[in-house]
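Okay, so here's the structure we're looking at.
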There are 2 protein chains.
Amino acid sequence: MHMPTPPKEPGTHPDCRKVNEILGRMGDKWTIMAITMLAGEPRRFNELKRLIGGISQQMLTRTLKALERDGMVTRKVYPTIPPQVEYALTDLGRSLATPLMQLAMWVLDHLGEIEAHRASHDARLLSEDR
Amino acid sequence: MHMPTPPKEPGTHPDCRKVNEILGRMGDKWTIMAITMLAGEPRRFNELKRLIGGISQQMLTRTLKALERDGMVTRKVYPTIPPQVEYALTDLGRSLATPLMQLAMWVLDHLGEIEAHRASHDARLLSEDR
DNA sequence: CAGTATCCCGGAGGATACTG
DNA sequence: CAGTATCCTCCGGGATACTG
């Protein structure tokens, strides 16, 4: 891992579009939630759905499929009745979990600060508008 | 900052919706790009637009306004002709830049791996379909 | 249980034109 | 230059019903 390099001319870098596209996926909130919930131990489909809370099964399916395609997650089917499917992070997925959970932690740590700032900012706008 | 805690029952945590909402914003690809480009030095509007590359001016405006509202960015107007506006990270914004750029770095470091996995995954699907 | 298949809507986000 | 105002398109994502 390099140091937080002050960017030079990244907009002109040829890989910029691709990085951007991957960022769009990895930064997706359902992706972040899913990987967070998979860190630590494998989970089953509906278990994940419950843990994440507020996600539709279709979005969960899509998210997991995309993660599988990207090599972040493995899908293991146990041919039992009823069927049982277990999702687990790959090594690659686990390596992503680290920066992702640091981001999540940052949000948790600064939630109050952000909301306070929003409130005062909104209040100021209101008083200016008249 | 805590350690990457294996999640217990976050889906049921009352703050979960708020964290989720903030994550949705901070994980947004334009937000990540903007903060990344502002790390290191302040930037002007069109400078940012060029650096980010591929963003519409409206999206840049919206992104910067949201960041200002959240207290991540300051907007300084120099009443010159032509007008000049400088955006800079606040302390809060700079503290977010760290995990965000680590995420960006992770993407850069693993771009090849991801794309290789995608290709083989897609190829396997193709051969199975017939 | 773990999905797939449809339908549908609101909003993200681009393109363009105008303004101080 | 640094925006604001409009218009329009596309698709993220929810709800629901069905299947192996």
Side-chain angles (χ1 to χ4, degrees), chain A residues 11 16-17 20-35 37-38 42-70 73-88 121 125 128-129, chain B residues 11 16-17 20-34 37-38 41-70 73-88 121 125 128-129:
Chain A
C16 192
R17 289 203 66 78
N20 206 300
E21 186 248 310
I22 307 274
L23 263 187
R25 167 176 319 296
M26 298 317 170
D28 173 72
K29 81 174 175 185
W30 295 134
T31 299
I32 298 181
M33 295 296 285
I35 291 192
M37 296 312 162
L38 284 174
R43 304 279 190 181
R44 297 175 55 183
F45 188 86
N46 279 335
E47 189 182 6
L48 273 174
K49 189 168 180 319
R50 268 193 316 278
L51 284 170
I52 294 181
I55 191 174
S56 67
Q57 80 272 52
Q58 181 166 144
M59 275 317 293
L60 182 53
T61 302
R62 285 186 199 171
T63 302
L64 289 171
K65 283 225 160 119
L67 286 174
E68 197 191 351
R69 174 169 181 259
D70 288 350
V73 154
T74 56
R75 178 176 179 274
K76 196 168 191 176
V77 183
Y78 299 91
T80 60
I81 293 181
Q84 180 166 342
V85 182
E86 218 174 58
Y87 293 90
H121 186 270
L125 281 191
E128 279 172 2
D129 266 354
Chain B
C16 192
R17 288 201 66 78
N20 205 299
E21 184 248 311
I22 307 274
L23 263 186
R25 168 177 318 294
M26 297 316 168
D28 173 72
K29 78 175 176 184
W30 294 134
T31 299
I32 298 181
M33 295 297 285
M37 296 313 163
L38 283 174
E41 47 185 323
R43 304 279 190 182
R44 298 175 54 183
F45 187 86
N46 279 335
E47 189 182 5
L48 273 174
K49 189 168 181 319
R50 268 194 315 279
L51 285 170
I52 294 180
I55 191 174
S56 67
Q57 77 275 52
Q58 181 166 138
M59 275 317 294
L60 182 53
T61 302
R62 286 185 199 172
T63 303
L64 290 171
K65 284 225 159 118
L67 286 175
E68 198 191 350
R69 173 168 182 260
D70 288 350
V73 153
T74 58
R75 178 175 178 276
K76 195 167 190 175
V77 183
Y78 298 91
T80 60
I81 293 181
Q84 182 166 340
V85 182
E86 220 174 57
Y87 293 90
H121 187 269
L125 282 192
E128 280 171 2
D129 268 355

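- Nucleic acid contact class of B:Y87 (heavy atoms, under 4.0 Å, all strands): sugar-phosphate only.
- Of the candidates B:I32, B:D28, B:T31, A:L23 forms a side-chain contact (heavy atoms from CB on, under 4.5 Å) with just one, namely B:I32.
- Of the candidates C:dA2, D:dT4, C:dT4, the closest approach to any side-chain atom of A:T61 belongs to C:dT4.
- Contact check, A:R44 against C:dA2: a side-chain N or O comes under 4.0 Å of OP1 or OP2.
- At least one side-chain heavy atom of B:M37 sits less than 4.5 Å from a side-chain heavy atom of B:I52.
- For the atom pair NZ (A:K65) and CD (A:E68), the distance works out to 8.0 Å, reported to the nearest 0.5 Å.
- For the pair B:M33/B:I55, no side-chain contact is recorded, criterion being any heavy-atom separation below 4.5 Å from C-beta on.
- Paired runs in DNA chain C that reach 3 or more consecutive Watson-Crick or G-U pairs, where each pair keeps both distances under 3.5 Å, cover C:1-20 with D:1-20.
- Atom-to-atom, CD of B:E86 to C1' of D:dC1 comes out at 14 Å; the value is rounded to the nearest Å.
- Pairing each heavy atom of A:R25 with each of A:A66, the nearest pair is NH1-CB, 3.4 Å.
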Item to check | Stepwise side-chain contact (heavy atoms from CB on, under 4.5 Å) check, A:M26 with A:D70 | outcome: CA-CA 10 Å; A:M26 298 317 170; A:D70 288 350; 3.7 Å; yes
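- Side-chain proximity of A:F45 to C:dG3, D:dG3, C:dC1: nearest is C:dG3.
- Between B:Y78 atom OH and D:dA2 atom C1' there is a gap of 15 Å when expressed in whole angstrom units.
- Spacing between atom CG of B:N46 and atom P of D:dG3 amounts to 9 Å, rounded to whole angstrom units.
- Checked against C:dG3, C:dC1, D:dC1, the side chain of A:K65 finds its nearest nucleotide in C:dG3.
- Atom CG in B:L60 sits about 11 Å away from atom P in D:dT4, given to the nearest Å.
- For the side chain to side chain donor-acceptor pair (under 3.5 Å) with A:Y87, the qualifying choice from A:R43, A:K76, A:R75 is A:R75, the only one to do so.
- Residue-level contact check: A:K49 touches neither bases nor backbone, having no heavy atom under 4.0 Å from any strand.
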Checklist entry - Reading nucleotides 7-20 of chain D 5' to 3', which nucleotides get B (base under 4.0 Å from a protein heavy atom), which S (sugar-phosphate only), which -? => result ------BBBBB--B
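- The distance from the CD atom of A:Q84 to the CZ atom of A:R44 is 3.5 Å, given to the nearest 0.5 Å.
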Checklist entry - Does the side-chain contact (heavy atoms from CB on, under 4.5 Å) test come out yes or no for A:L67 and A:L38, once each step is laid out? => result CA-CA 12 Å; A:L67 286 174; A:L38 284 174; 5.5 Å; no
